[in-house]
Every structure is written in C-alpha cells, then in structure tokens.
Amino acid sequence: MHKFFYGNRILFLVTLLLILPVLLTLYMMHIIKNSELSILEHQKAKLNQAAYLLDQNLAGSLDNYLAEQGLAGKTREEKIVAIGNYVNEKINHVKREYPEVHIGLYYEPLHVFYDGTARFDENFSLRRKKAFEETMSQRKSLVQNLGPEEGGVIEIYRPFTRNGKVEGVIRSAEYLSEVGYYGKRRHIEMIAYSAIAAVVLTGFGGAIYIFRDLVMQVRFIRQGLKTLEEDLSRTMPEAHGELGEIVEGINGFARRIAELNLYTETMLAVIDEAIVVVNAGGEVVLANNLARELFALPEGFKGRMMGELFSGNSPLLSYLERTLKEEKAFRDLMLNWSNGDKSPRQLLLSILPLKTASGELLGAVINCRDLTERMQLEEKVRRQERLAALGKLVTGVAHEIRNPLTSISCYIQHWMQNKQPSTQALATIQREITRLDYIVEQLLYFAKPAEARLFQRDLNVLIRELTEFFQEMYQGKYNLLLDLEADLPPVWMDAEQMERAVVNIIFNAIQAMPEGGTISISTAYLPGRQRVALTIADTGCGIPKENLAHLFTPFYSTRPKGTGLGLAIAYEIVQAHGGQIEVESEVGRGTKFTIYLRT
C-alpha cells in the first residue's frame, strides 16, 4: 500500500477540494431554497387568512349598504366617504389582529381603494389596477411576488363577491423585509459558506503540502534526466514508492535508447551509402563513417550548420534548403562531387524531409550513393557490348557500302575507257558518296556516342523549338498536335543529344506516313515514378508485332533505303540519360513512342 500512498493522497485532496465543496454547496442551496419556499408559503397562508377575515367582517353587499343608508341618490364623493367609514372600520379591525399585513378593499362601482386611511382619492398604481381587473375577470385569487432582493413584497388579490356579483377585490400584502425573511436566509447562507470555506482551506493547505512534495520529486527526476542526456550509461539512483517506479522506467528507457543507438551506429557503419541527418535549422545531427570520408567532415561536426561544412555554391546545399523550406523530397539526383585533390565522384543524391507522426518537420535525411566505380564498370560493359555489336554490324556495313562503291567503280572504269565523264555519272557518284558519308557518320555516332552532359532543362521548350522547325519544313502535309503539361518540372538531359533522339523518332513517323498524317506530341509528369513522360504518336502504317523486338537493332529496317540506325541511336541516347523508351504499335492505326526521363 505504501507505493500507492502518494496517489491516494492526491485523490483524497481532489475529492475534498472539489467534490465535497460542490456537494456541500448543492445541499446548502437546497436547504436555503426549501427554507425560502417554506417562509413564502407561510406568508401566503397568513395573507389569505387576513383577506378571508376581512371578507367575513364585510357581511353584506356594499351596493345594498348604499341603498339601506339612503345614499343611492347622493354624489360619488358622498358615497365614497360613507362606504369608506364603514369599510375602514372593518379593515382596522383586521389590522389589529394582523398588524404586519397591509390590507385594503377595491370597490369597483366607485373605482376607489380603501386601505384604512382617510385617503379616498385614486391611491393605487396602474399595476394594481391591472391586478384588480384580472382578479375580477377571472373571479379567482391572484398571487404576486414583486420587488428587489431586499424589498420584496407578496400580494394576495381575493375577489369580493356578493349575490353572485364581483363588487371589488380584497388586497392583502406583506413586505418580506418587515418580517425578517432576508435576515433568516442570510444566516443560513453564512453557515453554508463558512462550512464550504473550511473545507476549501483544508484542501488548499493539503494541496500546498502535496505540491511541495511533488516539486521536490520533479526536481529529482529533472536532475536525473540531465545526467542521462549527457551520458546514457549513468542511470538514476533508486527511489521508493511511485517515484521508484518512474525512476525504474526512465532507467529502462535510457538503456533501451543506448541499445538502439548502438544498433544504429553499427548499421550506419556497415552500410555502403553516405547518410547525413540534419535538424530543421540545418544543423548536423548524425553522419556515418562513409559520409565523413566522402564529404571530408571535420572533427566536432555535430551541431554545426551545413553551410559551414560545405561551400556556398554546392548544389547539395540548395536542394537541402528547398527540402527544409518547402518540405519537398528529391530522389535519385545525379551530382558531380569534387572533394579537394581527389578526382570527381558521381553521386546519386536523395534528400527526404524527416517528419513526426503528426506531420511536424524535424529535419532532413541526406542519402548519397557513390556510383563512380559502378558507372565506370557500366561504361566498360557498354563499350564491350558496342564492340561486340560492331562485329555483328560488319556484314550490314559491308552490304551498305558495297553497292555505292560498286556504282562508283563502274563509272570510273567507264570514264577511263571513254576518256570523258558524263553529267549523269558525276551526279550518281556524288549521290553515292553522300550516302556513304551519312552511313559512316551514323555508324561512328552509334559506335561511340558523345558523352552526355546532363543539366536540368525544360523539355517543353525543346519540343516547341523542334516542332517549329518541322512545321516550316512540312507545312500543310503533316499536322503537329502539341499537348504539353504546364508547370512541368525540369528533367536531367543533354539538350543536343535529346534533340537528336526526338528528331530521329519524328523522322521515323514522317517516313511511316508518305501521304501525310498527324503527329501528336505530349508531355506529362508522373509523381509516383518521379519521371517525365514524352509521347510521340503518329497515324502511319504501324509496325507488325513480330518486328517490334528488332526495332532498335542497328541496320534493321523494313524500308528499302533505310539504314536502320535512327531508332538505334535514339535508344542509345535515352539509355545514356538513365531513362527508358517504350513503343506501342498497331498495323494500319499508327505507332506511339514514350520516353521516360528523370526529374
């Protein structure tokens, strides 16, 4: 029971300080209310009795009294005085028995109110007049409670009925202040408030004691938490009771955090990616060994601003600032990183906002993967693949070059025999030489494409410039329809190479529509894939399904004079950009190429 003693004390004081005063207040208010009602009912009964006594003393009808006294022909003033002497005598008789009661009679035929005094003029208010009229019309008693807190009055209006006719109204009233009603109620209230104050003071004193004890325990826990903040291995000393349970829970929590920190540090040490964690203000909170080595972080980097550790023109800082301000995530960004005298590195950068479960921004996580060796290996593999492909291309190249060379050789032999070249022969030789030059140029580009220099560019601008060129060249024959998404994010691309790839695809569409047609070009952002999609569709003859698998193979062409290098080069360019190219086609309805590029 000792370990729960502190909680029982708090529960007891809460009960004493809150529940008991409330209950006591409700009880005392109930007593006050009942006392008030009891006094009021007593006063009403006394007023009814006084009115009844006056009604009994006035045995006959006042109308008959006037006739019996021979006053029927007298003036109104004479009638008022005559009846006033008679009625006031009866009123004063009742007042001797009920001295605290104000009693009187309103005689309706003469419109006068008698109250035991010599005042026979109109000595009543409009409120009383209204009460007189209401009592006479309803032919039943009326009770009214009027007046402020310290000047209240109770009135009883009783109809004065004789021979079935209501001749007037008997009014009996009593002022509560005159009978000590408010003094009795204040006495009861004083007792109630004194009891409530005693309970509240007792509870308040106990609360001060408990609060002081609670403050001392909170200070003990706060000091222990400061110690744990500096070193999780320094646990808090044991304590007793509920405080002991809290200390034990804090120590267990600290041990658990220390274990998690050890697991985290071990995991970050063996992971092959550089990880840096910053808070919402841009201060470094955590960095693993690979990040320290890759970014050359100095000793004591924790708590320092990222702007102090990196140069101001570093693109990494600009992305980090946007993440912290806009809470925007950046994924799979290619970054050229140079660290001192070391050779530049190719990094795959991702920066993600770090938020709580409620959505509050805590900071950001910087994740970098060094792709330098991987990209070098991939380049070697691609080079070997190109060399292997070149071996397969020898037959195609020999076939493409042999025909022009044969024509040139025949015409040269003809010149040697005739000693004079013809105009037709020269034109044919020039055409075949141009064809050879084009084949060699395309072949060299495919064998070793220029290195892609990637920058963030607006794809919509590139498409608009290309379509203007094609509209000028093929005005009237082909319809170019553009559907470019507004606010399209920039993509990583080499504008010159991407222009070549798009031109090759558009030329392929034009060659599929010799009689004219429509080319539709659209762009769209795909948030789920962090990619921008470029779609080029035509209404040409389409491609059979069996030919789709060989569409990007060099020197594969279904057209008599096609070299089969245009789409192969477009494919190589998109691959060099880290993108994808897909094709859909249906014979007789057209073909659609879709290129996916990184944002």
Side-chain angles (χ1 to χ4, degrees), residues 438-439 441-443 445-446 449-450 452 454 457-474 477-485 488 491-524 526 531-545 547-559 561-598:
Y438 174 76
I439 293 173
E441 179 187 359
Q442 293 289 83
L443 182 61
Y445 189 89
F446 174 77
L454 303 182
R457 295 287 186 266
D458 190 337
L459 184 60
N460 286 344
V461 173
L462 176 67
I463 298 303
R464 290 191 183 97
E465 292 176 352
L466 288 178
T467 52
E468 289 177 1
F469 167 74
F470 278 99
Q471 284 175 345
E472 292 178 359
M473 287 187 60
Y474 301 99
K477 186 174 183 181
Y478 299 98
N479 295 324
L480 285 175
L481 303 180
L482 297 184
D483 183 14
L484 306 182
E485 181 175 314
L488 193 71
V491 299
W492 290 95
M493 68 176 180
D494 184 322
E496 182 179 350
Q497 292 195 27
M498 187 54 59
E499 178 180 347
R500 188 183 189 109
V502 175
V503 166
N504 286 346
I505 295 176
I506 294 178
F507 270 126
N508 189 77
I510 290 175
Q511 292 171 357
M513 299 183 296
E515 303 301 327
T518 301
I519 300 176
S520 302
I521 303 177
S522 64
T523 58
L526 309 177
R531 294 288 189 273
V532 166
L534 168 62
T535 302
I536 304 172
D538 62 61
T539 58
C541 58
I543 303 171
K545 291 184 179 179
N547 295 342
L548 290 177
H550 309 287
L551 197 60
F552 301 111
T553 302
F555 291 103
Y556 179 83
S557 177
T558 58
R559 290 186 296 273
K561 294 185 179 182
T563 61
L565 289 175
L567 292 181
I569 291 174
Y571 180 82
E572 287 291 323
I573 291 175
V574 173
Q575 290 294 313
H577 282 67
Q580 293 176 301
I581 182 169
E582 298 177 356
V583 59
E584 301 176 19
S585 184
E586 185 176 349
V587 175
R589 302 193 65 177
T591 305
K592 181 175 71 174
F593 288 87
T594 304
I595 299 175
Y596 300 96
L597 299 175
R598 296 185 296 109

- Residue Tyr571 excluded, over 12 heavy atoms near OH under 6.0 Å: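 No - once you tally the heavy atoms of other residues, nucleotides and ligands closer than 6.0 Å, there are 12 at most.
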- Query: More than 12 foreign heavy atoms under 6.0 Å from CD of Glu582: is that the case here?
  - Reply: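 Yes.
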Please examine the side chains of [Y] and [X], heavy atoms only from C-beta on, and report whether any two atoms are closer than 4.5 Å.
X	Y	value
Met498	Asp494	no
Val491	His577	no
Asn504	Leu567	no
Asn508	Thr591	no
Met493	Leu462	yes
Ile510	Ile519	yes
Glu584	Thr594	no

- Message: Apply side-chain contact (heavy atoms from CB on, under 4.5 Å) to residues Arg464 and Leu484 and explain how you reach the verdict.
- Response: CA-CA 9 Å; Arg464 290 191 183 97; Leu484 306 182; 3.9 Å; yes
For [X] against [Y], the heavy-atom pair lying closest together:
X	Y	value
Glu485	Ala524	OE1-CA, 3.2 Å
Ile581	Phe593	CD1-CD2, 4.3 Å
Ser585	Gly590	OG-O, 3.3 Å

Could you grab the distance from atom [atom1] of [X] to atom [atom2] of [Y], nearest 0.5 Å is fine?
X	Y	atom1	atom2	value
Ile506	Tyr478	CD1	OH	12.5 Å
Glu572	Gln497	CD	CD	10.5 Å
Asn479	Thr539	CG	OG1	8.5 Å
Glu468	Leu480	CD	CG	11.0 Å
Asp538	Arg589	CG	CZ	12.5 Å
Leu534	Ser522	CG	OG	7.5 Å

- Message: For a side-chain contact (heavy atoms from CB on, under 4.5 Å) check, start with the C-alpha distance between Val574 and Tyr596, then their side-chain angles and the critical distance, and finish with the verdict.
- Response: CA-CA 8 Å; Val574 173; Tyr596 300 96; over 6 Å; no
- Message: Here's a test for you: under side-chain contact (heavy atoms from CB on, under 4.5 Å), which of Ile595, Leu482, Leu459 qualifies with Thr523?
- Response: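 Result for side-chain contact (heavy atoms from CB on, under 4.5 Å) with Thr523: Leu459.
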